[in-house]
Amino acid sequence: MDTSSKPDALTRVALFFVNKWRISILLSIGLVVLGIFSYTNFLKREGFPTIEVPVAVVQTPYFVNNKALVDREITKPIESSISDITEIESIISTTADNFSNITVQFKGDINAKDGAELLKKAVGDANLPDKAKPNFLTFNAGALDSENDLVFSLVGDTKSITDLENKANFIAKELESITSVIKTNVIDLQELQTNPITGQSNIEQVKFARSAYRDEDNKLVFKDAILIGAVRDQSIGTVDFSKAIQDKIQTIKDDGNLDGYNVVFGGGDSSGSLVQQLSVLEESAITGLIAVMIILLLTVNWRASFIIALFIPISICFTLIGLYLIGYSLNTLSLFGLILVIGLIADDAILVIDAIDSSRKAGYKGKQAVVHAINTVGLADVSGTVTTILAFAPLAAVSGILGEFIRIIPITVILTLALSLIIGLTLVPFFANYVLPHYEAETGIKPNRKGVAKLWYNILYFVPRIVDWVNLQVYRFIHWYLDNVWRSIAVFVVTIGLIAGGFVLAGQLEFSIFAPAKDTNQISITTSLPNNQDLDKSKEAIKEIENIIADTNADYINDITYFNTDAKGSLMFVSLTPLNERDKTAPVIVTELQDKIDENSKLKDSRTIVQQAGAGPPTDEYQITLQIFSDDQKTLEDTTKEVLDFTKDIELEDGEIKDVIVSSLDTISKKDGRRYAAVKVAVSDGENTTLVLEAQTAIKDKFETDEFRDKYNLSKDAVAFDLGQQGENLESFNSAIFALILAIIIMYVLLVLQFNSLTQPFLILVAVPFSFPGLFLGLYLTDNPLSFFSMIGITGLVGIVVNNTILLLDYANVIREETGSIKEAISEAIKYRFRALITTTLSTLVGILPLAFTDPFWEGLAYALVFGLASSTILVVFAYPVFYAILEHIRRFTWRKVFKNQKFK
């Protein structure tokens, strides 16, 4: 920190913009205009970002009615041909009597499309029978049906299947004239089927389609339908793509080509829910921004509030421009990142404004006040922002699907922090130089306010005076307890007790890596009839489920889109009425439907799972899979039976075993060329990671042993576990913890360089455990588990709270050099930074809280930040001084007595 009047490098940059006022004005206007255009026109509007799943599938029909023959002539040659592809992570194959299915997962540096091309080239060299024609498939992870970006239904009450298909093909062809449509797909209900015994082929209906929607009387109706899908050009946003499709459908309807038909846009068109998500986030952003302005007006002064009212929108506009330039879209997560950082970026402006204002009060005139202020706080401002950036940076490297899912959040936060720092050190000094008031110490003129002017002044500065009074009382309290060793010890012990209490509460929290939201606008109903070949039986089961829906929860449902409806079952994607328009939450609706379906005797031959849908990875029906590898069929049968019998009777503390099945015995299933059979286990609460791990441990302790392997002559690696999506989530959670530890280590190194001390950085990092009492208490009181998103909140919290103590310690060191007093140094530092600490904390809290109230999806992350930041700020203000005093007295004693450096202050 430099308080001299000679401008340093940062100050010279600030002075350039103060002196070149025309450039500053033009830059401000330019950023706002370009930011608005980026928001309204340039940035694509998306929902949750699409996650790239690097998986391709090779499917090969081979009608020989002999799985051993299919394995020998199809599966093994393909496995052999692709085994040398270095980009492959794993190969899983399933061979049935007339079919071979090989699923290939690639390493993270290759996408599914490129991987499929590698497979095609390699399989082309395989020596396969002439009748075998491999099909290569990839999946669009952002699509409900793994292919189409938008799906809608065509309904015709009196129309035959052929009529529906013909009209659907006509619509599909018309849609292909839209420039943003890459291709269209009509989900055919009739296909050419070949009898594996006779070899004869016939056109047969192999699927059926349904649609549920509200008619003109607002009644939920269920109709036969056909699905039409469209794949978009990725340069077009979801909302614009949907609008183009709907406009074209309206044109077709206006031309009279849809008479007798009805087109239903339901859950297969995500633009409606996307617009709603973005609307909620936009409202939260506006509410937060207004709240921040009010907080600043009340706690600082109207002039400073006016500057910040310019600073925050300019910084956000700058960020929107940056997002467009680096190729990102305006999606749910990037918009959340902006909301997350609204209160935080205000600190850059508050710090500079407060420093310039204080310099004027100290008598520095005109631009010299800017020089003194930036010399004083410029480097600390940069250091604090860089530290916060370092806290968020490792989050961008979190592994797995969840890591890819949230990556845009840290990128948006980092971009906003970096760009707001630039604005804070360039345009804010320019605004402050012209807007902030001049004081008697600077001008020599005593203000003479009378009448209305005096009344208005007293009104505007009423709350700031209260803040100053509170600041003075805190200053006196710190002096009071630091004057007495026993009072200091008491404050220290109470603080340690609060931190320990936070850890105790953490142990009481449920551990659920990706906990379902407390409410959503979508649920899914998955029905399966595994051995069924009768299409009519499947259709009857689906209609029975429709009857249950109509009898119990029709008032809460907008529409239903059906996928994969064939003899084996169906996936129903149910769009609920908006959160604020219903008195039932999605979990209640899910429970009611599941109970009614389970009780229905007409559905005893089917298996139906009702669950919440929404953002993030899907939930596995069976959370634990134990795989046993052996080439001997009898061994696989015996081992899986023993595992099955044992697992059914396991007693768990936090729940129970819900279901256990054996799979892959009637097919030839292999992983990386090794045959296996599997035992799949479902627990009563599949979202509870603690319960899943408890069940896995019980099974592992019994069967991952030499005794079990020796009994069946198995190899050492013959028993393996796969936690499916929970395992993927756990890996991402662990990498998030690693990211947090890495962020703290990087920050420590940076702080050592800045403060030239190995011990003082601990005084800065102590703000992290200060957040624990409020953090874990907040999660406990709001019934939020310790989850992946709460861990993201904790990691972000580290950067925020550390920024507070950096500025405190930096100023305390300056006072220490001047006075040599430890007590006076930390007391003055708290007094100097009190207003900025309170203002920044309140700004961040009111910026995030609206989102926690309006969207349950963000609760865990938002409350982790809100309660953790509140706790840390309170303890930094009241308890931090005793920690500073203890460490600094130890440092002083060590340097003076051990290293004989009597000049050490």
Side-chain angles (χ1 to χ4, degrees), residues 48-53 108 141 331-334 336-337 339-340 391-413 506-520 611-620 623 683 685-693 696 723-744 771-772 775-776 778-780 782-799 848 851-852 855-868:
F48 288 98
T50 300
I51 300 171
E52 176 65 37
V53 180
N331 58 52
T332 306
L333 295 184
S334 59
F336 173 77
I339 294 172
L340 176 63
F392 281 96
L395 289 177
V398 171
S399 65
I401 291 177
L402 282 180
E404 186 176 347
F405 179 71
I406 59 95
R407 190 157 294 138
I408 184 62
I409 294 179
I411 289 174
T412 302
V413 170
Q508 303 301 311
L509 294 175
E510 179 184 327
F511 178 40
S512 180
I513 295 178
F514 202 92
K518 294 178 182 177
D519 203 357
T520 65
Q611 60 186 7
Q612 288 181 234
T619 302
D620 293 323
Q623 297 81 35
V683 295
D685 183 2
E687 305 287 356
N688 188 332
T689 306
T690 302
L691 179 60
V692 173
L693 293 176
Q696 184 201 30
L723 294 183
Q725 191 56 58
Q726 276 281 12
E728 178 83 20
N729 293 350
L730 192 59
E731 181 181 338
S732 296
F733 184 84
N734 289 335
S735 66
I737 294 176
F738 176 77
L740 176 61
I741 296 171
L742 180 63
I744 292 174
S771 67
F772 292 167
L775 165 66
F776 296 119
L779 292 176
Y780 181 81
T782 58
D783 192 28
N784 280 287
L786 186 61
S787 65
F788 179 77
F789 270 141
S790 63
M791 182 56 64
I792 299 298
I794 293 169
T795 304
L797 184 64
V798 169
I848 294 172
L851 194 60
D855 193 340
F857 179 79
W858 300 109
E859 266 198 21
L861 196 159
Y863 282 134
L865 282 167
V866 166
F867 286 97

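- With sequence neighbours left out, Val798 forms a side-chain contact (heavy atoms from CB on, under 4.5 Å) with Leu740, Ile744, Met747, Val768, Val802.
- The two residues Ser512 and Ser787 have their closest heavy-atom pair at O-CB, 3.0 Å.
- Under the side-chain hydrogen bond (donor to acceptor under 3.5 Å, both in side chains) criterion, Thr689 pairs with Gln726, not counting sequence neighbours.
- Leu730 places none of its side-chain heavy atoms less than 4.5 Å from the side chain of Val692.
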> So Phe867 and Leu797, side-chain contact (heavy atoms from CB on, under 4.5 Å) or not? Walk me through it.
Replying inline: CA-CA 10 Å; Phe867 286 97; Leu797 184 64; over 6 Å; no
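- Counting heavy atoms from C-beta outward, Leu395 and Phe392 have side chains that approach closer than 4.5 Å.
- The shortest distance between side-chain heavy atoms of Phe336 and Leu861 falls below 4.5 Å.
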> Stepwise, does the side-chain contact (heavy atoms from CB on, under 4.5 Å) test hold for Phe789 with Asn784?
Replying inline: CA-CA 10 Å; Phe789 270 141; Asn784 280 287; over 6 Å; no
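- Interatomic distance, CZ of Phe788 versus CD1 of Ile737, reported as 10.5 Å (0.5 Å rounding).
- Checked by atom type and distance alone, the side chain of Thr782 pairs as donor or acceptor with a backbone atom of Gly778 at under 3.5 Å.
- Closest of all the heavy-atom pairs between Pro394 and Ala391 is CD-O, 3.7 Å.
- Less than 6.0 angstrom separates the ring centroid of Phe772 from the ring centroid of Phe776.
- Taking both residues in full, the closest heavy atoms of Pro856 and Lys518 are given as CB-N, 3.9 Å, listed atom of the first, atom of the second, then distance.
- The line from CD1 of Ile406 to CE of Met791 is 12.0 Å long, rounded to the nearest 0.5 Å.
- Ser334 has its side chain within reach of Ile408: a pair of non-hydrogen atoms, C-beta onward, lies under 4.5 Å apart.
- For Tyr780, the OH atom sits in a loose shell: 12 or fewer heavy atoms of surrounding residues, nucleotides or ligands are nearer than 6.0 Å.
- For the pair Leu779 and Ser790, the minimum side-chain heavy-atom distance is below 4.5 Å.
- A search for side-chain contact (heavy atoms from CB on, under 4.5 Å) contacts involving Asp685 returns Glu510, Glu687, Asn688, Leu691, not counting sequence neighbours.
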